[in-house]
Each structure stands twice: as C-alpha cells, then as structure tokens.
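Just so you know, these numbers come straight off a predicted model, no measurement behind them.
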Amino acid sequence: MKPQGIPPNTTINQTKMSFRGKNAVVTGGAGGIGLQVSKQLLSAGAAKVAIIDLQDNLEEFVKLRAAHPTQSVMIIKMDVANKKGVEATFEEIAKTFGNIDIVVNVAGIFNDKDVQRTLLVNLGGIINSTLSALPYMGKDNGGKGGIVVNMSSVVGLDPMFIIPVYGATKAGIINFTRCLANEKYYQRSGIKFVTVCPGATMTDMFTNFTEKIIFPETSDETYRI
C-alpha cells in the first residue's frame, strides 16, 4: 500500500529521501524509541537535530554530541502537553536551524490510571507538535515541505482490552495523521505524513506496568501477553 500524502503516479522508490544535511526535531528523544530515532538520524547524516523532552538524560546527550561533533544537537526541556510552550519551542528551533525538514513525534507515557495526563501527552502532545511544526515546514508558508512521522502502536490498530486508555490515544494518533495525509494538504504544503505502529517494545515507559492498569484483575493476563 502506498503511504498517504504521496502524489499519484509516484513509485515508492521515488519517495525515498536522504537524511544527509536535513534538520530534524524529535519529541521524546531523551530515551527509549525516541533516543534511538535521534541516534539514527545523526548516523544517517542529519545536520541538526533538536530533541524535545521533559526528561533529562545528560549522559546520553553528551555521548550523542561526542559521537557527532560536526553536527548540531539541540536539547530543549518541554512538556509536549503544553501547547503554548510547544509552539514557542518550534519557533525557537526554526530561528536557530533556519528550516525544519523532519519531525518525529515519539513522546508518550503509559498510565491508564491517569486518564487526563495520558490523553494530554499521548494524543494532545502529538497534535501540539505536529500543528506547531506545519507553519515552518509547509511550502505554502515559505518552507521546503518535509515529513512528519507520528509514533502510534499496534494497539491503535488492534484493541488490547487491558490498556483501553493508552490504546484510545494511539488510535487517535492514527486517525489524526491519516487526516493530515490527505492529498489536498500535500499539494499545498509538500509535507508527507507517516504513522509508525510498533509492537511491544521494552522501554522504561512500561516500568511497574501492572500498577498503571485500570483493572488489576487482568494482571496475570498482562504477563502472559
């Protein structure tokens, strides 16, 4: 299946982009999948990478900069649930970088017992970051176009009964991204949209997993899964 937001009569091979010399933003880039994305972008030759995260990971940031001394690694501590803060952050990045080519939204939490926070970070954070990036990326605003990658999950595609709140946010991310990937938007902005849906990935986010689920009686089933 051809990704959404790709012009008609275009082959998949024609859509491959080089990361060399590109400027990228990664939310949730201080650890887990986001940190690996940041490392891969730099290894692939990205010129400048901005990492937005509420968490500090000084040791890893020092390693990143040491491994890529000729590339720029910008660290910004910001809560993606803070809409105005995220907007100001992208304004700062755009001024520093000159332009933004790639945005990878990974920031997320898992705690089904804290419904409001889960909604604000997982779904709200993706929406905040994506919409804040568009004015600096879109060709209709003087940008160069680019690509926005939003991290969802397989549970956004196939519901898993033990994590209904987390699953709902991931399903929302898929729908949100598919809407923006509409051909009408692409023709105007030149921005492609991709949703990535990983399977179970062991990161610090799932520490004390059974303490964060709504129905404790499902804990045995959780371990089996």
Side-chain angles (χ1 to χ4, degrees), residues 5 17-58 60-61 63-65 67-68 70-109 120-152 173 176-177 180-181 185-186 189-196 198 203:
M17 68 179 292
S18 169
F19 296 113
R20 188 162 301 280
K22 296 293 195 297
N23 299 333
V25 179
V26 182
T27 71
I33 293 175
L35 178 59
Q36 296 305 316
V37 168
S38 301
K39 289 180 178 179
Q40 291 296 320
L41 284 167
L42 288 165
S43 295
K48 302 172 185 176
V49 174
I51 295 174
I52 301 173
D53 205 310
L54 193 56
Q55 305 302 316
D56 289 317
N57 196 344
L58 182 59
E60 288 293 343
F61 295 154
K63 289 179 182 177
L64 271 183
R65 285 174 167 150
H68 304 279
T70 63
Q71 294 153 279
S72 173
V73 180
M74 183 179 183
I75 311 297
I76 301 174
K77 189 171 184 177
M78 175 55 60
D79 182 357
V80 293
N82 179 347
K83 181 177 181 290
K84 291 189 180 299
V86 172
E87 290 173 347
T89 295
F90 270 90
E91 182 179 7
E92 178 185 351
I93 294 169
K95 285 179 180 178
T96 303
F97 283 5
N99 66 283
I100 299 171
D101 304 296
I102 303 161
V103 174
V104 186
N105 290 312
V106 185
I109 63 170
L120 287 173
V121 173
N122 290 8
L123 182 55
I126 291 267
I127 293 173
N128 290 341
S129 178
T130 300
L131 296 185
S132 296
L134 298 189
Y136 305 104
M137 297 178 71
K139 292 180 178 179
D140 49 330
N141 287 312
K144 299 179 179 180
I147 186 167
V148 174
V149 181
N150 289 333
M151 193 67 62
S152 180
I173 291 167
F176 170 73
T177 311
L180 290 182
Y185 291 135
Y186 177 78
S189 70
I191 302 172
K192 303 181 181 73
F193 290 85
V194 176
T195 311
V196 180
T203 67

Separation of [Y] [atom2] from [X] [atom1] (nearest 0.5 Å):
| X | Y | atom1 | atom2 | result |
| --- | --- | --- | --- | --- |
| T27 | F90 | OG1 | CZ | 7.5 Å |
| S38 | F61 | OG | CZ | 8.0 Å |
| I76 | L54 | CD1 | CG | 13.0 Å |
| L35 | K63 | CG | NZ | 9.5 Å |
| L58 | I75 | CG | CD1 | 9.5 Å |
| I147 | I102 | CD1 | CD1 | 7.5 Å |

Exercise. Under the salt bridge (Lys or Arg N to Asp or Glu O under 4.0 Å) test, which residues partner K84, sequence neighbours left out?
Worked result: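 Not a single residue meets the salt bridge (Lys or Arg N to Asp or Glu O under 4.0 Å) criterion with K84.
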Exercise. Among all residues two or more places apart in sequence or in another chain, which pass the salt bridge (Lys or Arg N to Asp or Glu O under 4.0 Å) test with K77?
Worked result: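 Here the qualifying residues are D56.
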Exercise. In this structure, are over 12 heavy atoms from other groups packed under 6.0 Å from Y185 atom OH?
Worked result: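 Open.
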At their closest point, which heavy atom of [X] faces which heavy atom of [Y], and how far apart are they?
| X | Y | answer |
| --- | --- | --- |
| D53 | G31 | OD2-N, 4.3 Å |
| A133 | V103 | CB-CG2, 3.8 Å |
| S132 | N128 | OG-O, 2.7 Å |
| G145 | I191 | CA-CG1, 4.2 Å |
| M74 | E92 | CE-OE2, 3.6 Å |
| D140 | S189 | OD1-CA, 3.6 Å |

Using atom types as modelled and distance alone, determine if a side-chain donor or acceptor of [X] lies under 3.5 Å from a backbone N or O of [Y].
| X | Y | result |
| --- | --- | --- |
| N150 | T195 | no |
| N57 | A30 | yes |
| T89 | G85 | yes |

For this session: Please name the residue in the list I127, V196, I126 that meets the side chain to side chain contact (heavy atoms under 4.5 Å, CB included) test with N105.
Result: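 Exactly one candidate clears the test, I126.
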Can you tell if the side chain of [X] reaches within under 4.5 Å of the side chain of [Y], non-hydrogen atoms only?
| X | Y | result |
| --- | --- | --- |
| Y136 | I93 | no |
| F19 | V49 | no |
| I109 | N122 | yes |
| I173 | L123 | yes |

In chain order, what residues pass the side-chain hydrogen bond (donor to acceptor under 3.5 Å, both in side chains) check against [X], with sequence neighbours excluded?
| X | value |
| --- | --- |
| Q36 | none |
| E87 | K83 |
| N82 | none |

Problem set entry | Test side chain to side chain contact (heavy atoms under 4.5 Å, CB included) applied to V121 and V80, step by step | CA-CA 6 Å; V121 173; V80 293; 4.1 Å; yes
Identify each donor-acceptor pair in which a side-chain atom of residues 39-48 lies under 3.5 Å from a protein atom, sequence neighbours left out, and give them as a table.
from	atom 1	to	atom 2	distance (Å)
S43	OG	K39	O	3.0
K48	NZ	F97	O	3.3

